[in-house]
Amino acid sequence: MGLQLVKNIDMPELPEVENYRIYLEDTSMNRLITGIEIVDQRLIKVPEDVLQNELINKSFVSSRRIGKYLFISTSGTQILVVHFGLTGNLEFYKDVEDRPKYAQVLFHFNDGFTLAYLSRRKFGWIDLANDIENFRKTKKLGRDATEIAFEEFYEPIKKSKAPIKSKLLDQKYFAGIGNWIADEILYQSKLHPKSMAYRLTKQDFKLLFEKMQHILAVALQHHAVFEEFPEYFLIHNRKDGGTCYHTGDDLVRIEVGGRGSYVSPEWQEKK
DNA sequence: TCCTATGTTGTCAT
DNA sequence: AATGACAACATAGG
């Protein structure tokens with residue numbers, strides 16, 4: 001039996017997208033696609049007839065995730081590229097009355113089952129690609145954050161004059177870090193998100209890299225169910241009124257690079 | 001009514 | 001050319 005997806009997890013960062021990938025693998029592979037239903041045309045980056053022509057009478061055969069992007073290889077020549085934006089999910093079902101709310105693109109299989117791509121806020125999208133590596137380079141998408149070595153983390157961002165948090169969030173250096181994970185990395189590294197990258201030492205970057213790997217490993221291990229994360233994780237308290245696990249101080253919400261950020265001011269040093 | 005939301009992309013200024 | 005700041009995108013919920 002496959003992973004039972006927790007419903008309505010709307011936080012598609014690297015670990016959550018890995019959940020969707022496993023769910024896809026457990027439900028939807030090697031079934032003949034007989035119809036594709038598109039509810040809102042704006043969510044697909046190719047014309048509807050192209051999507052139909054390339055995928056109907058084909059099947060999904062394998063999947064790969066890079067950062068927050070899901071690539072689904074098919075028995076045809078095209079690879080389906082799926083991004084969840086700020087909200088999204090996949091849901092596999094059979095009965096019409098089980099059709100999920102916010103379904104935007106539906107792949108109907110010949111055995112009566114359907115895989116639905118959900119997008120509540122419609123910031124996600126679906127595209128086609130010929131080749132994953134080519135797509136990755138064209139779209140300036142970095143390698144997956146779980147696969148990079150320290151030098152690949154450190155070299156591209158060490159001299160940047162932007163806040164370190166903005167660099168962690170930039171998908172072109174390494175891919176998969178989103179807003180809560182960036183806050184988590186900085187909290188566990190005891191560094192303030194507004195610290196300029198170029199002011200950090202190599203030791204700071206080593207710490208950031210280790211914490212990034214640790215946080216991703218924990219989140220993947222627990223299938224992104226944060227209630228199961230260790231209690232020293234910021235995410236348990238990352239909300240208005242939350243307090244720092246280490247100091248007991250109130251967490252402060254600030255804005256960094258246009259993104260809401262939670263900080264424990266005494267705990268996290270601004271450099 | 002106003003504000004926020006876990007992401008990406010295009011535009012503009014430096 | 002490259003970098004960084006910021007608005008825009010669409011919708012729901014507090």
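So that the names make sense, note that chain A is the first sequence line, chain B the second, and so on, each numbered from 1.
- The side chain of A:Asn179 approaches B:dG7 more closely than any other nucleotide in the set B:dG7, C:dA5, C:dT11.
- When heavy atoms are screened at a 4.0 angstrom cut-off, A:Lys172 is found touching no nucleic acid atom at all.
- Along DNA chain C, the nucleotide nearest A:Ala162 and the nucleotide nearest A:Lys122 are compared for position; the residue whose nucleotide lies closer to the 5' end is A:Ala162.
- Atom CD in A:Glu255 sits about 10 Å away from atom P in B:dT6, given to the nearest Å.
- Here B:dT9 is the nucleotide among B:dA5, B:dT9, B:dG7 with the atom lying nearest to any side-chain atom of A:Lys45.
- Across every strand in view, B:dT6 sits unpaired, with no contact that passes the Watson-Crick or G-U test at under 3.5 angstrom.
- With rounding to whole Å, A:His83 atom NE2 is found 17 Å from C:dA10 atom P.
- Proximity of A:Arg259 to the phosphate of C:dA7: no side-chain N or O atom is located under 4.0 Å from OP1 or OP2.
- Taking atom NZ on A:Lys239 and atom P on B:dC3, their separation rounds to 24 Å, with Å as the unit.
- Put simply, A:Lys161 has no side-chain N or O that comes within less than 4.0 Å of OP1 or OP2 on C:dG4.
- A straight line from NZ of A:Lys158 to P of C:dT3 spans 14 Å, rounded to a whole angstrom.
- Considering A:Asn179, A:Asp170, A:Ile185 as possible partners of A:Lys165, the one that fulfils the side-chain contact (heavy atoms from CB on, under 4.5 Å) test is A:Asn179.
- A:Ile235 and A:Trp267 fall within the same hydrophobic cluster, defined by Ile, Leu, Val, Met, Phe, Trp and Tyr side-chain heavy atoms under 4.5 Å apart, directly or through other members.
- Separating the CG atom of A:Leu86 from the P atom of B:dT4 is a distance of 15 Å, rounded to the nearest angstrom.
- A donor-acceptor contact under 3.5 Å is not formed by the side chain of A:Arg42 with the base of C:dA10.
- Contact check of residues 123-146 of chain A against DNA chain B (heavy atom, cut-off under 4.0 Å) returns A:Phe123.
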Inset, instruction - Under the ring pair (Phe, Tyr, Trp, His ring centres under 6.0 Å) rule, what do A:Phe84 and A:Tyr20 come out as? Steps first, then yes or no, please. - result: CA-CA 10 Å; A:Phe84 296 91; A:Tyr20 305 153; 4.5 Å; yes

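- Applying the 4.0 Å criterion to OP1 and OP2 of B:dG7, one finds that A:Lys68 has a side-chain N or O inside that range.
- Nucleotide B:dG7 holds its C1' atom 14 Å from the CD1 atom of A:Ile177, rounded to whole Å.
- Regarding A:Gln171, its CD atom lies at a distance of 12 Å from the C1' atom of B:dT6, rounded to whole Å.
- In this structure, A:Arg238 places its CZ atom 14 Å from P of B:dT4, rounding to the nearest Å.
- Here the closest non-hydrogen pair linking A:Arg136 and A:Ile66 is CD-CD1, 3.8 Å.
- At a threshold of 4.0 angstrom between heavy atoms, the contacts of A:Ser119 with the nucleic acid are absent.
- A:Arg65 places no side-chain N or O within donor-acceptor distance of the main-chain N or O of A:Leu70, the cut-off being under 3.5 Å.
- Residue A:Ser261 is the one, among A:Ser261 and A:Tyr69, whose nearest nucleotide of DNA chain B lies closer to the 5' end (criterion: closest heavy atom).
- C:dT3 is paired with B:dA13 under the criterion used here, namely a Watson-Crick or G-U wobble arrangement in which both key atom distances are under 3.5 Å.
- Relative orientation of the A:Phe153 and A:Phe150 rings is tilted, given thresholds of 30° and 60° on the angle between their planes.
- Within 4.0 Å (heavy atoms only), A:Gly258 reaches no atom of the nucleic acid at all.
- Here the shortest heavy-atom pairing between A:Thr87 and A:Arg120 reads OG1-N, 3.4 Å.
- Taking atom C1' on both C:dG4 and B:dT6, the two are 23 Å apart, rounded to the nearest angstrom.
- Side chain to side chain, A:Ser63 and A:Arg21 meet the donor-acceptor criterion of an N or O pair below 3.5 Å.
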